[in-house]
Amino acid sequence: QVQLVESGGGLVQAGDSLRLSCAASGRAFSSYSMAWFRQAPGKEREFVATITNRGGSTTYADSVKGRFTISRDNAKNTVSLQMNSLKPEDTAVYYCAATSYWWTILSRQYDYWGQGTQVTVSA
């Protein structure tokens, strides 16, 4: 059982940076792989980044590769998304999610979801 709460969203200008955080409750955080997804109005939820349970492997969507970095601190039960060089097309609600799979980018295979945090990037 995992409860997730995102924070760190806001309104920024293109080229700026933001760091999103996801705080997890529960005793088994280190057993879950974690991911960030995002959803813009009128669009399907899309994969952004994932990190395996011990942080040994990361995967990024092509649209954010080289700009975003996912990390986790199992001692603090947190996962973060450092977002640099933000673009207007990054505007979306960002969600963190947890899965018992070792690795997956499919939203339907994630078991737990946070409520999301809004990121808005102006031109």
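The model shown is predicted, which means the values in this text are computed figures rather than measured ones.
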Legend entry - Given I70, D73, N74, the one that forms side chain to side chain contact (heavy atoms under 4.5 Å, CB included) with V79: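 So the option named by the test is I70.
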
Inset, instruction - Answer whether the closest heavy-atom distance between the side chains of R19 and S80 falls below 4.5 Å. - result: yes

Legend entry - Salt-bridge present (D90, K87; N to O < 4.0 Å): no

Inset, instruction - Give a yes or no answer on whether the side chain of T117 reaches the backbone of E6 with a donor-acceptor pair at less than 3.5 Å. - result: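 No, because the side chain of T117 does not come within donor-acceptor range (under 3.5 Å) of the backbone of E6.
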
Inset, instruction - Return the minimal non-hydrogen interatomic distance between T104 and Y110, and the atom names on each side. - result: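 For T104 and Y110, the tightest heavy-atom pair comes out as O-OH, 2.6 Å.
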
Inset, instruction - Answer yes if L81 and V12 sit in the same cluster of Ile, Leu, Val, Met, Phe, Trp and Tyr residues linked by side chain heavy atoms under 4.5 Å apart, and no otherwise. - result: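 Shared cluster, yes.
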
Inset, instruction - Give the minimum heavy-atom separation between L4 and C22, together with the two atoms involved. - result: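 The pair with the smallest heavy-atom distance is CB-SG, 3.8 Å.
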
Legend entry - Crowding at CD, Q3 (>12 non-hydrogen neighbours, <6.0 Å):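 No, the 6.0 Å shell around CD holds no more than 12 heavy atoms from other groups.
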
Inset, instruction - Find out whether R38 and S63 are in side-chain contact, i.e. whether some heavy atom of one side chain is under 4.5 Å from a heavy atom of the other. - result: yes

Legend entry - Closest heavy-atom pair and its distance - T78, A23: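 That closest heavy-atom pairing would be CG2-CA, 4.4 Å.
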
Inset, instruction - State whether the side chain of R67 and the backbone N or O of S85 hold a donor-acceptor pair below 3.5 Å, judged by distance alone. - result: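 Answer holds: yes.
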
Legend entry - Side chain proximity check, Y32 to Y112, heavy atoms < 4.5 angstrom: yes

Legend entry - Minimum heavy-atom distance between A98 and M34, given as atom pair plus value: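 Of all heavy-atom pairs spanning A98 and M34, the closest is CB-SD, 3.5 Å.
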
Inset, instruction - State plainly whether one hydrophobic cluster holds both F47 and I51, where clusters connect Ile, Leu, Val, Met, Phe, Trp and Tyr through side-chain heavy atoms under 4.5 angstrom apart. - result: no

Inset, instruction - Give a yes or no answer on whether the side chain of T91 reaches the backbone of V121 with a donor-acceptor pair at less than 3.5 Å. - result: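 Such a contact is found between T91 side chain and V121 backbone.
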
Inset, instruction - Give the ring-plane orientation class for W113 versus Y95, where under 30° counts as parallel, over 60° as perpendicular and anything between as tilted. - result: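 Geometry flag for Y95 against W113: perpendicular rings.
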
Legend entry - Spacing of Q82 atom CD and S21 atom OG [to the nearest 0.5 Å]: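 Between atom CD of Q82 and atom OG of S21 there are 9.5 Å.
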
Legend entry - Name of the residue among T69, T50, V48 meeting side chain to side chain contact (heavy atoms under 4.5 Å, CB included) with Y60: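 It is T69; the other options fail the test.
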
Legend entry - Test applied, side chain to side chain donor-acceptor pair (under 3.5 Å); reference residue, W103; option that passes from N53, T52, T59: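 Per the side chain to side chain donor-acceptor pair (under 3.5 Å) rule, the option paired with W103 is T59, out of N53, T52, T59.
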
Legend entry - Main-chain N/O of V5 paired to Q115 side chain as donor or acceptor, under 3.5 Å: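 Pair absent, no side-chain N/O of Q115 close to backbone of V5.
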
Inset, instruction - To the nearest 0.5 angstrom, please state how far the OG atom of S7 sits from the OH atom of Y94. - result: 15.0 Å

Inset, instruction - Using a 4.5 Å cut-off on heavy atoms from C-beta on, say whether the side chain of M83 contacts that of L20. - result: yes

Legend entry - Flag if over 12 foreign heavy atoms under 6.0 Å of CD, E89: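 Atom CD in E89 is packed in, count exceeds 12.
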
Legend entry - Residue pair V93 / F37, side-chain heavy-atom distance below 4.5 Å: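 No; the side chains remain at least 4.5 Å from each other.
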
